[in-house]
**Q** 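Would you mind keeping the following structure in view while I ask a few things?
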Amino acid sequence: MKAAVYYENGGPEVLKYEDMPDPQCHPKGVVIAVEAIAIEGGDTLSRWRGQLVTKPHIVGYQASGTIVEVGSEVTHLKVGQRVATLMAHGSHASMRAVAARNCWPVPDGFDMKKAAAIPVTFGTADDCLFEFGRLKKGETVLIQAGASGVGVAAIQLAKRAGAGLILATASSDERLEKLKRLGLDHGINYTRDDVVKEVMRLTDNKGADVIVDSVGGPTLQGSINSLAYRGRVSMVGAAGREPMVVDVGSLMGGNRTLSGVFLGAEIGTDRVHDNVQRLIDDAAKGELEVVIDRVFPLSEAAAAHAYIESRAAVGRVVMVP
């Protein structure tokens, strides 16, 4: 098979397009012929500083494809079935071995590029808003990095749930403008405006009830400072790649809550598995939109990772073998 691999951590330039042995099918797993690879922010973080559990290493969480082999202990999946998959690594390849538990059937006719981008992205956004953020109808939501994959998903999910006011940050007015059709009420350009001051201005000094923060670093303290009384921050990821140093005392005065969210910690549960399937089915019915900014060939994985890190994308960047 062909794969994008690397031998050491570093920038996008460490990715090489090479021949690799075909994966072996585990008795409790399947092998898929990959049709689409959705690049996650976590994939770029892993490439930059994550552990190389294999060498050369094939990075990547999400890929969709058609099952070409089924393990001897798997009874609910079959050869020829289209699935979205999620594993700790291995997506950046033309074939992939994956645990059957981490496969979700894709409805007939649904775009496999879009299907690849749902499990982590929409599953994480849903958990941030509802499982940990406890969003209620009419509440105000702030989404840091609104143009990211998780951000685009969170805007739609918050809108669908009846959020009263949806705010989001991004690096340019142009990117924010593209989010309005998805349900964004007000955008905040963090390169120009003070986010905390803008949140308070737009909420009559009440603050946001639920905040989704995938950036971390100094942005996380800004999220805490933007909270309303009894507000909740769901911290998911560290896209900013800077240390997360916060004043936990700033949570107390307003009875505020900071929750760390990692979908992978519960990916094996029925709750998360069923939730991801529901989100895939909703997207296939047109109730949610999977926004794909650009599609690259797998052979240009280095360029795809560089494009993501340029912070120009709105939504997900996808590769095809």
Side-chain angles (χ1 to χ4, degrees), residues 41 121-122 124-240 242 244 246-248 250-251 253-261 291 311 314-315:
T121 309
F122 279 82
T124 295
D126 197 274
D127 263 12
C128 286
L129 289 170
F130 306 112
E131 182 70 13
F132 298 96
R134 307 186 303 280
L135 177 64
K136 303 179 186 69
K137 187 175 181 179
E139 289 189 321
T140 295
V141 177
L142 168 65
I143 299 159
Q144 300 279 19
S148 68
V150 170
V152 165
I155 290 170
Q156 295 180 70
L157 292 169
K159 184 71 172 181
R160 186 167 74 164
L165 182 67
I166 301 174
L167 313 175
T169 67
S171 61
S172 71
D173 293 342
E174 179 184 11
R175 297 177 85 198
L176 290 165
E177 189 63 32
K178 292 179 180 179
L179 301 176
K180 289 184 178 179
R181 66 180 181 81
L182 301 175
L184 178 66
D185 294 309
H186 294 284
I188 301 171
N189 183 337
Y190 67 78
T191 66
R192 182 188 62 225
D193 300 321
D194 183 298
V195 173
V196 177
K197 289 181 179 178
E198 278 297 289
V199 170
M200 292 303 170
R201 182 182 70 82
L202 292 165
T203 61
D204 295 326
N205 287 318
K206 294 177 182 177
D209 299 294
V210 177
I211 299 178
V212 179
D213 189 330
S214 62
V215 182
T219 298
L220 183 56
Q221 185 64 58
S223 291
I224 293 171
N225 294 344
S226 299
L227 283 172
Y229 180 72
R230 288 203 173 203
R232 292 85 69 194
V233 173
S234 291
M235 179 195 74
V236 51
E242 297 177 77
M244 294 197 203
V246 299
D247 174 13
V248 293
S250 60
L251 293 163
N255 286 329
R256 298 156 164 175
T257 303
L258 171 62
S259 297
V261 179
V291 178
R311 299 186 180 182
V314 174

**Q** Would you check, one step at a time, whether the test side-chain contact (heavy atoms from CB on, under 4.5 Å) holds for Gln156 with Phe122?
**A** CA-CA 10 Å; Gln156 295 180 70; Phe122 279 82; 4.1 Å; yes
**Q** What's the separation between atom OG1 in Thr169 and atom CG in Leu176, rounded to the nearest 0.5 Å?
**A** 7.5 Å
**Q** Is any side-chain heavy atom of Val233 closer than 4.5 Å to one of Arg256?
**A** no
**Q** So, taking the atom named CZ in Arg230 and the one named CG in Asn255, what distance separates them when rounded to the nearest 0.5 Å?
**A** 6.0 Å
**Q** NZ of Lys197 to CD1 of Ile188: how many Å apart, nearest 0.5 Å?
**A** 13.0 Å
**Q** In Å and rounded to the nearest 0.5 Å, what is the CE to CG distance from Met200 to Asp194?
**A** 10.5 Å
**Q** Do Gln221 and Ser250 pass the side-chain contact (heavy atoms from CB on, under 4.5 Å) test, and can you show the C-alpha distance, the side-chain angles, and the key distance before you say yes or no?
**A** CA-CA 9 Å; Gln221 185 64 58; Ser250 60; 3.1 Å; yes
**Q** With sequence neighbours left out, write down each residue that passes salt bridge (Lys or Arg N to Asp or Glu O under 4.0 Å) with Arg134, or none if nothing qualifies.
**A** none
**Q** If every non-hydrogen atom of Ala153 is compared with every non-hydrogen atom of Thr121, which pair is closest and at what distance?
**A** CB-O, 4.0 Å
**Q** Using a strict 4.0 Å threshold on nitrogen-to-oxygen distance, state whether Lys136 and Asp209 make a salt bridge.
**A** no
**Q** Starting at CG of Asp213, measure out to CD1 of Ile224 and round the result to the nearest 0.5 Å.
**A** 8.5 Å
**Q** Please answer whether the main-chain N or O of Ile166 pairs with a side-chain N or O of Asp185 as donor and acceptor at a distance below 3.5 Å.
**A** yes
**Q** CZ of Arg160: more than 12 outside heavy atoms within 6.0 angstrom?
**A** yes
**Q** Considering non-hydrogen atoms only, spot the tightest contact between Leu227 and Arg232 and give its length.
**A** CD2-N, 3.5 Å
**Q** Between Val152 and Leu179, is a side-chain contact (heavy atoms from CB on, under 4.5 Å) present by the stated rule, with each step listed?
**A** CA-CA 7 Å; Val152 165; Leu179 301 176; 3.9 Å; yes
**Q** Atom SG of Cys128 and atom CE of Met235: how far apart are they, to the nearest 0.5 Å?
**A** 10.0 Å
**Q** side-chain contact (heavy atoms from CB on, under 4.5 Å) between Leu157 and Leu135: does it pass, once the steps are laid out?
**A** CA-CA 10 Å; Leu157 292 169; Leu135 177 64; over 6 Å; no
**Q** Any idea which heavy atoms bring Leu182 and Val291 closest together, and the distance?
**A** CD1-CG2, 4.1 Å
**Q** Taking C-beta and beyond as the side chain, do Arg192 and Asp173 meet within less than 4.5 Å on heavy atoms?
**A** yes
**Q** Where is the tightest heavy-atom contact between Ser171 and Asn189, given as atom of each residue plus distance?
**A** O-OD1, 3.5 Å
**Q** If I compare all heavy atoms of Ile211 with all of Ser226, which pair ends up nearest, and what's the gap?
**A** CD1-CB, 3.9 Å
**Q** Whether the side chain of Arg175 engages the backbone of Arg311 through a donor-acceptor N/O pair (distance < 3.5 Å, no angle test) should be reported.
**A** yes
**Q** Looking only at heavy atoms, which two atoms of Gly222 and Val196 are closest? And how far apart?
**A** O-CG2, 3.4 Å
